[in-house]
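Model, not experiment: these values are computed from the prediction. Naming: A, B, ... by sequence-line order, numbering from 1 per chain.
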Amino acid sequence: MLDIQRIRTETEAVKSSLATVGFAPNIIDRVLELDAQRREMQKEGDILRAELNAASKNIGREKDPAARQALIEAVGTVKSKIKDNEAAVPAVEVELDDLLLNIPNLPLPEVKVGPDDSHNDVVEVYGSAPTFDFEPRPHWELMESLGIIDFERGQKISGSRFYVLRGDGARLQRALITFMLDLHTRQHGYEEVYPPSMVRADCLVGTGNLPKFGDNLYRDHEEDFWWVPTAEVPVTNLYRDEILDGATLPIRHVAYSPCFRREKMSHGKDTRGIKRGHQFDKVELVRFERPEASRAALDELVAHARKVAQLLGLQHRLIKMCTGDLSFVSCIKFDIETWAAGCAEWLEVSSCSLFGDFQARRARIRFKDEDGKNRFVHTLNGSGLALPRVLISVIETYQQADGSIMVPQILRPYMGDQERIVRRGE
RNA sequence: GGGGAGGUGGCCGAGUGGCCGAAGGCGCACGCCUGCUAAGCGUGUAUACCUCACAAGGGUAUCGAGGGUUCGAAUCCCUCCCUCUCCGCCA
């Protein structure tokens with residue numbers, strides 16, 4: 001959510017900034033109109049209530065029954081005015097809040113202006129692509145022939161876009177998760193948390209998934225539980241409605257969680273393999289920072305996420321998004337993509353964002369600074385990394401001519417020193 | 001799933017219709033005092049919004065959340081959420 005005061009005082013700058021992320025700036029005019037109305041109504045209501053409060057105090061002091069009754073009757077008009085005022089307020093507030101919640105974050109000045117992802121910049125490519133003296137195969141073929149995935153039974157029990165990892169496939173994923181958690185907790189200073197995978201709607205408003213992106217979420221209507229699309233949601237909301245002691249910042253968390261997404265918008269996309277399922281696992285990094293430290297923290301976060309790909313020996317690249325490809329909530333965003341030799345494509349395995357105070361405003365996450373002033377924290381997050389796609393890259397990168405897969409060195413301690421994944425029984 | 005208790009300021013804890021934004025204690029901050037330390041004394045110590053210079057001052061709201069009764073509610077009524085506890089069940 002944008003600061004309404006900033007919208008008031010820097011209207012033109014806000015508008016032109018919004019235009020760069022493809023948002024129709026004329027909505028700002030309506031926001032200002034409603035904001036003025038809201039303040040006018042509040043002023044009116046406050047004055048009326050002050051009047052009523054004073055009158056009520058007098059009534060309490062008046063001992064004579066007749067005089068008392070007269071005073072009570074006299075406040076009748078004030079009361080009805082208050083009622084009228086109160087009746088008019090919700091319409092304005094609801095519309096204003098609704099607009100405010102649907103305005104995207106403003107990009108940082110350093111973010112290049114561009115209409116869509118074709119204008120993103122490749123910051124750097126790290127490592128080199130694996131070479132083969134045979135035709136590399138896609139992961140779905142490799143995994144099926146190794147017997148480490150079962151697409152058919154996954155679809156049987158849960159439908160399309162579900163699969164079952166089995167044997168060394170499941171084990172490899174588990175090894176990756178543990179490796180990532182260990183790396184971030186032991187080397188990078190993040191505290192591990194294991195959050196709920198179902199949350200209440202407020203949490204999703206806090207992170208910016210609601211109200212705008214509800215159709216990508218699974219929910220239980222009976223209980224008003226929502227399945228998290230990423231651990232970012234529960235972890236960011238850990239400190240919702242809190243005023244943190246400034247000395248505790250920065251707070252760094254890493255969380256492993258399953259993620260659930262409807263993927264309605266991407267029907268027909270990436271249907272082959274495990275690139276885009278309704279359920280997938282992810283290790284997520286979340287940080288809470290002082291505003292002045294947040295930009296540098298993003299670079300650090302990116303480095304931490306990238307380290308995973310690096311240690312796994314995967315060729316990867318860093319993409320800096322242009323304004324047109326920023327998410328609704330972020331003010332600057334980097335993607336990390338690993339190379340999948342079999343599919344011959346770059347896979348987005350991490351998306352690292354700085355949100356400024358955009359989420360903190362929605363979730364009311366503040367901290368008390370040295371002057372005793374309460375300020376909004378800056379939030380950041382990034383995958384560290386997303387499992388299925390890392391699995392794809394590992395399998396396709398380390399595939400051998402005979403269809404087996406070498407286990408990356410760094411993972412072997414997590415696989416009981418297993419060096420190679422071969423077909424069961426071989 | 002059933003029964004009982006309860007949710008008050010950073011924490012503990014009073015408070016059953018007006019004198020309560022809220023006693024008291026602890027903690028914390030600043031000051032004073034005591035030739036160290038400990039103790040003692042004084043003052044201060046929530047959040048948001050409006051007015052406004054993001055000052056002072058003033059106003060409004062907030063005692064889990066929402067709604068209601070009333071001139072007036074932390075206090076009464078309704079709904080919801082959460083916590084504890086006893087029983088049942090169970091990874």
Taking the [atom1] atom of each, how far is [N] from [M], in whole Å?
N      : M      : atom1 : result
A65(B) : A74(B) : P     : 12 Å
U45(B) : U51(B) : P     : 25 Å
G40(B) : G25(B) : P     : 12 Å
A29(B) : A38(B) : P     : 13 Å
U75(B) : A48(B) : C1'   : 24 Å
U16(B) : C76(B) : C1'   : 8 Å
G66(B) : C32(B) : C1'   : 49 Å
A61(B) : C20(B) : C1'   : 15 Å

Base, sugar-phosphate or nothing for [X]? Non-hydrogen atoms, less than 4.0 Å.
X         : value
Asn58(A)  : nothing
Ile47(A)  : nothing
Arg364(A) : nothing

Check the distance between [N]'s [atom2] and [X]'s [atom1] and give it to me in whole angstrom.
X         : N      : atom1 : atom2 : answer
Asn374(A) : C54(B) : CG    : P     : 18 Å
Arg61(A)  : C20(B) : CZ    : C1'   : 14 Å
Asp369(A) : C54(B) : CG    : C1'   : 13 Å
Phe367(A) : U47(B) : CZ    : C1'   : 17 Å
Asp241(A) : A46(B) : CG    : P     : 19 Å
Arg361(A) : A48(B) : CZ    : P     : 11 Å
Arg240(A) : U47(B) : CZ    : C1'   : 17 Å
Asn53(A)  : G21(B) : CG    : P     : 9 Å

For A48(B), does either OP1 or OP2 sit under 4.0 Å from a side-chain N or O belonging to Arg366(A)?
yes
Encode nucleotides 73-82 of chain B as B, S and - characters from 5' to 3', where the letter depends on protein heavy atoms closer than 4.0 Å: B to the base, S only to sugar-phosphate, - to neither.
--------SS
Applying salt bridge (Lys or Arg N to Asp or Glu O under 4.0 Å), name anything that partners [X], two or more places apart in sequence or on another chain.
X         : value
Asp97(A)  : none
Glu348(A) : none
Asp29(A)  : Lys15(A)
Glu263(A) : Arg276(A)

So, using side-chain hydrogen bond (donor to acceptor under 3.5 Å, both in side chains) as the criterion, who are the partners of [X] when residues are at least two apart?
X         : result
Asp168(A) : Gln418(A)
Arg364(A) : Asp241(A)
Asp325(A) : Asn120(A)

Is there a donor-acceptor pair under 3.5 Å between the side chain of His119(A) and the backbone N or O of Asp117(A)?
no
For Arg366(A) and Ile243(A), indicate whether the former's side chain and the latter's backbone hold a donor-acceptor pair under 3.5 Å.
no
Got a sec, which pairs hit salt bridge (Lys or Arg N to Asp or Glu O under 4.0 Å) with one end in residues 372-399 of chain A, sequence neighbours left out?
Glu292(A)-Arg375(A), Asp369(A)-Arg375(A)
Pairs touching residues 101-115 of chain A that satisfy salt bridge (Lys or Arg N to Asp or Glu O under 4.0 Å), sequence neighbours left out:
Glu110(A)-Arg295(A), Glu110(A)-Lys320(A), Lys112(A)-Asp121(A)
Go ahead and name the base partner of [N]; Watson-Crick or wobble counts if both distances stay under 3.5 Å, otherwise write none.
N      : result
U83(B) : A5(B)
G35(B) : none
C49(B) : G59(B)
G10(B) : C26(B)

If you assign Glu51(A) and Lys368(A) each to the RNA chain B nucleotide with the nearest heavy atom, which residue ends up on the more 5' nucleotide?
Lys368(A)
Taking only Lys NZ, Arg NE, NH1 and NH2, and the carboxylate oxygens of Asp or Glu, determine whether Arg153(A) and Asp150(A) approach each other closer than 4.0 Å.
yes
What pairs of nitrogen or oxygen atoms, one from the protein and one from nucleotides 49-51 of chain B, lie under 3.5 Å apart?
| residue | atom | partner | partner atom | Å |
| --- | --- | --- | --- | --- |
| C49(B) | O2' | Gln42(A) | OE1 | 2.6 |
| C49(B) | O2' | Gln42(A) | NE2 | 3.0 |
| C49(B) | O2 | Gln42(A) | NE2 | 3.1 |
| C50(B) | OP1 | Arg8(A) | NH2 | 3.1 |
| C50(B) | O4' | Gln42(A) | NE2 | 3.2 |

Verify whether one side chain among Glu192(A) and Thr185(A) offers a donor that lies under 3.5 Å from an acceptor in the other.
no
Pair Ser327(A), Lys333(A): side-chain N/O donor-acceptor within cut-off below 3.5 Å:
no
Please produce a list of atom pairs where a protein N or O lies less than 3.5 Å from an N or O of nucleotides 65-71 of chain B.
| residue | atom | partner | partner atom | Å |
| --- | --- | --- | --- | --- |
| C71(B) | O2' | Ser56(A) | OG | 3.0 |

